[in-house]
Amino acid sequence: MHNAEIARKFHELADLLEIQGANPFRVRAYRNAASIVEGSSRPLEDMVAEGEDLSAIKGIGNDLAGKIAELVETGNLPGLEALQKDMPAQLSELMRLDQLGPRRIRALNEELGVSSLKELKEVAEAGKIRKLAGFGARTESRILEEISKLSDRDHRTRLAEAEQVVGPLVAYLDKLDEISRIEVAGSYRRRKETVGDLDILVASENSKAVMERFTSHPEVAKVASKGKTRATVFLKSDLQVDLRVVKADSFGAALHYFTGSRAHNVAIRKMAGENGLKINEYGVYRGRKRIAGKTETEVFEQVNLPWIPPELRENKGEIEAAREGRLPDLVEESDIRGDLHMHTSATDGRNSLEEMVEAARRLGYEYIAITDHSRRLTMANGLDAKRLRQQIADIDKLNDELGDIRVLKGIEVDILEDGKLDLPDEVLNELDITVCSIHSRFELSEKQQTERVLRAMDNPRFNILGHPTGRLINTREAYQIDLEAIIEAAAERGCCLELNAQPSRLDLAGHYAGMLREAGVLGAVSTDAHATDHLRFMHLGVAQARRGWMEKKHLLNTRTLKQLQGILAR
DNA sequence: GCCGTTTTCGGCCCGACTGTTTTCAGTCG
């Protein structure tokens with residue numbers, strides 16, 4: 001049983017408990033546990049199997065530890081079955097609808113016998129909901145609207161797409177003279193690989209003018225709510241954008257508050273409480289007196305902490321690290337000396353070798369690697385030994401002409417099903433670098449897939465495992481693979497893992513990057529560019545490295561060319 | 001249901017907006 005499934009069961013139990021009217025803090029404990037499980041870098045199943053004490057995890061007590069063990073061992077979550085006997089399990093599904101929370105769902109169930117989405121739709125269409133106390137015609141029509149949107153709701157927006165929306169939107173708002181500061185907060189600022197919505201924070205003394213400008217933006221399809229200090233809109237792309245206006249004196253407190261994560265905020269507020277302070281989005285208060293709030297640094301100072309980079313604010317140890325003065329010195333995009341994965345028009349890239357090199361040179365890189373596909377990927381016109389040798393000759397010639405950038409001869413070679421690499425060692429030996437990737441047989445079992453990669457790593461020509469999970473955000477799940485075993489093997493063999501910076505991949509995000517770092521395996525942040533424009537995705541990969549607490553020293557392509565060559569030689 | 005360097009009981013983050021009210025409950029973030 002995967003962590004995600006354990007988390008889903010806990011969420012479901014929390015939903016049903018909440019609808020039933022259980023102690024809200026008990027409900028919170030279950031939700032909190034779900035989020036701990038989701039964020040765990042290790043499968044809880046393994047921890048149970050190894051007899052580890054789950055109650056040692058903060059937020060998991062004796063009761064939950066026992067429930068997790070039973071769930072993992074039997075597939076049953078004690079308590080959930082009992083609840084499901086008393087109430088229809090589909091009720092938790094209704095929680096997915098906006099505007100519908102536990103109280104209303106309970107009312108709908110008790111008054112109208114609603115126990116599923118289908119039944120909800122029927123009573124709404126029959127006009128029965130508007131007659132219930134606390135409901136009205138407005139709510140009824142919104143429920144119908146929500147149901148119709150539900151099917152295409154289930155995806156989050158990729159960070160790169162969000163960036164494309166943010167740029168123009170912020171520029172549009174910033175034209176208003178009344179706005180003194182503007183910042184995008186939320187998971188966007190924490191640089192998560194996907195965002196659920198955008199949270200824009202503005203400092204202004206004239207919130208009315210800001211609200212008017214925001215809600216009348218030409219891309220706004222619908223204004224969901226609009227008050228004096230806060231508004232929510234949906235853009236034509238269906239992306240939700242929340243705007244919050246505060247006075248300049250509160251900007252730092254509000255920025256901290258709206259950057260989150262929620263778990264981080266709760267922890268910080270608790271610390272404030274212990275010091276007799278109260279923190280809200282307007283500032284830090286001692287009694288009724290406001291003592292800080294203009295900058296984020298001020299807010300952190302009040303709880304005796306240095307400023308914490310947003311990428312770390314997940315309440316996964318950053319507060320303790322800050323307190324003990326051991327926050328990491330996170331890698332910056334400017335630390336990157338070269339891009340080690342890109343394609344040319346020889347295979348499925350859009351630009352020629354010369355164009356790719358020129359574009360990389362303009363970015364100021366010291367080196368790059370050309371890594372076209374290998375022969376197995378016929379769809380992409382993959383290179384066989386002969387064509388690869390031609391490219392090697394072309395690159396040698398180019399290197400003779402160029403002074404300021406070194407072009408490494410490489411290949412993105414397929415890892416075949418049996419773990420062999422898709423080109424003979426003789427030709428791989430003529431290269432400076434290999435990126436080894438899986439492009440076929442995604443459906444293999446975890447054991448088979450893992451062994452396939454481990455065998456490939458035994459080849460001393462194996463340098464970097466390309467896009468290690470194979471997931472495509474919102475499109476394709478990661479293949480089943482035991483990354484922990486792979487990372488361990490990489491540490492022994494001197495292999496590296498890629499942090500693929502393609503907007504739809506970003507597949508060593510957050511906790512996997514953390515695993516890499518802890519195991520002492522170097523990450524290679526690479527764009528996998530298929531066109532000169534794609535070289536600019538580097539910052540997305542660097543952001544994921546930062547979310548994994550990585551410093552310059554944890555990455556391969558922050559090294560000098562000489563150091564790099566030493567590592568590639570294994 | 002969790003947690004504890006004052007606590008094994010009694011707390012648990014808190015403000016904004018909407019819709020349905022006529023002073024507030026429910027929901028959200």
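Lettering of chains follows the sequences in order, A, B, ..., and the numbering in each one begins at 1.
- Contact annotation: K278(A) side-chain N/O to dG15(B) OP1/OP2 distance is under 4.0 Å.
- Taking 4.0 angstrom as the limit, Q240(A) places a side-chain polar atom (N or O) nearer than this to OP1 or OP2 of dG29(B).
- When R191(A), R189(A), R158(A) are each tested for a salt bridge (Lys or Arg N to Asp or Glu O under 4.0 Å) with E163(A), only one passes: R191(A).
- At the phosphate of dG1(B), OP1 or OP2 sits under 4.0 Å from a side-chain N or O atom of R26(A).
- For the pair R31(A) and F10(A), the cation-pi criterion (under 6.0 Å, within 45° of the ring axis) is not fulfilled.
- At a threshold of 4.0 angstrom between heavy atoms, the contacts of P102(A) are confined to the sugar-phosphate backbone, with no base atom among them.
- Of the candidates dC17(B), dG15(B), dC13(B), dC13(B) carries the atom nearest the V266(A) side chain, counting heavy atoms from C-beta on.
- Residue F258(A) is out of contact with every strand shown, counting any heavy-atom pair closer than 4.0 Å.
- In this entry the distance linking CD1 of I279(A) with P of dC12(B) reads 16 Å, nearest Å.
- By the neighbour-count criterion of 12 heavy atoms within 6.0 Å, atom NZ of K208(A) is sparsely surrounded, having that number or fewer from other residues, nucleotides or ligands.
- Backbone-only engagement by R142(A) is indicated by non-hydrogen atom pairs under 4.0 Å involving sugar-phosphate atoms exclusively.
- Nucleotide dT8(B) is matched to nothing when pairs are restricted to Watson-Crick or G-U wobble geometry with both distances under 3.5 angstrom.
- In this entry the distance linking CD of E146(A) with C1' of dT18(B) reads 14 Å, nearest Å.
- At dG26(B), none of the side-chain N or O atoms of R104(A) fall inside 4.0 Å of OP1 or OP2 (strictly under the cut-off).
- Listed by residue number, there are no residues of residues 304-318 of chain A with a heavy-atom contact under 4.0 Å to DNA chain B.
- Between R326(A) and E324(A) there is a salt bridge, since at least one side-chain N of the basic residue sits less than 4.0 Å from a carboxylate O of the acidic one.
- For the segment residues 285-298 of chain A, the set of residues with a heavy atom within less than 4.0 Å of an atom of DNA chain B is empty.
- The nearest whole Å value for the distance from the CG atom in D63(A) to the P atom in dT8(B) is 21 Å.
- Listed pair T139(A) / dT20(B) meets the phosphate criterion, a side-chain N or O lying under 4.0 Å from OP1 or OP2.
- Residue contacts shown for K58(A) are limited to sugar-phosphate atoms, with no base heavy atom under 4.0 Å away.
- Surrounding CZ of R323(A) are more than 12 heavy atoms belonging to other residues, nucleotides or ligands, all under 6.0 Å away.
- Using atom P as the reference point in both dA16(B) and dT20(B), the two lie 22 Å apart (nearest Å).
- Of the candidates dC13(B), dG29(B), dT18(B), the closest approach to any side-chain atom of D242(A) belongs to dG29(B).
- Residue K270(A) has no polar side-chain atom (N or O) positioned under 4.0 Å from OP1 or OP2 of dG11(B).
- No hydrogens or angles were tested; on distance alone, a donor-acceptor pair under 3.5 Å links the side chain of N23(A) to the base of dG1(B).
- Between R138(A) and dG19(B) there is a side-chain polar atom (N or O) within less than 4.0 angstrom of OP1 or OP2.
- Judged by distance alone, with hydrogens and angles left aside, Y257(A) brings a side-chain donor or acceptor within reach of the base of dG29(B), the pair sitting under 3.5 Å.
- Nucleic acid contact class of I268(A) (heavy atoms, under 4.0 Å, all strands): none.
- The number of heavy-atom neighbours closer than 6.0 Å to NZ of K128(A), taken from other residues, nucleotides and ligands shown, is 12 or below.
- If you check every strand for non-hydrogen atoms under 4.0 Å, T229(A) touches sugar and phosphate atoms only.
- Relative to the six-membered ring of F135(A), R104(A) meets both conditions, a distance below 6.0 Å and an angle of at most 45° to the axis.
- No option in F300(A), W307(A), F251(A) other than F300(A) meets the ring-ring contact (aromatic ring centres under 6.0 Å, His included) test with H256(A).
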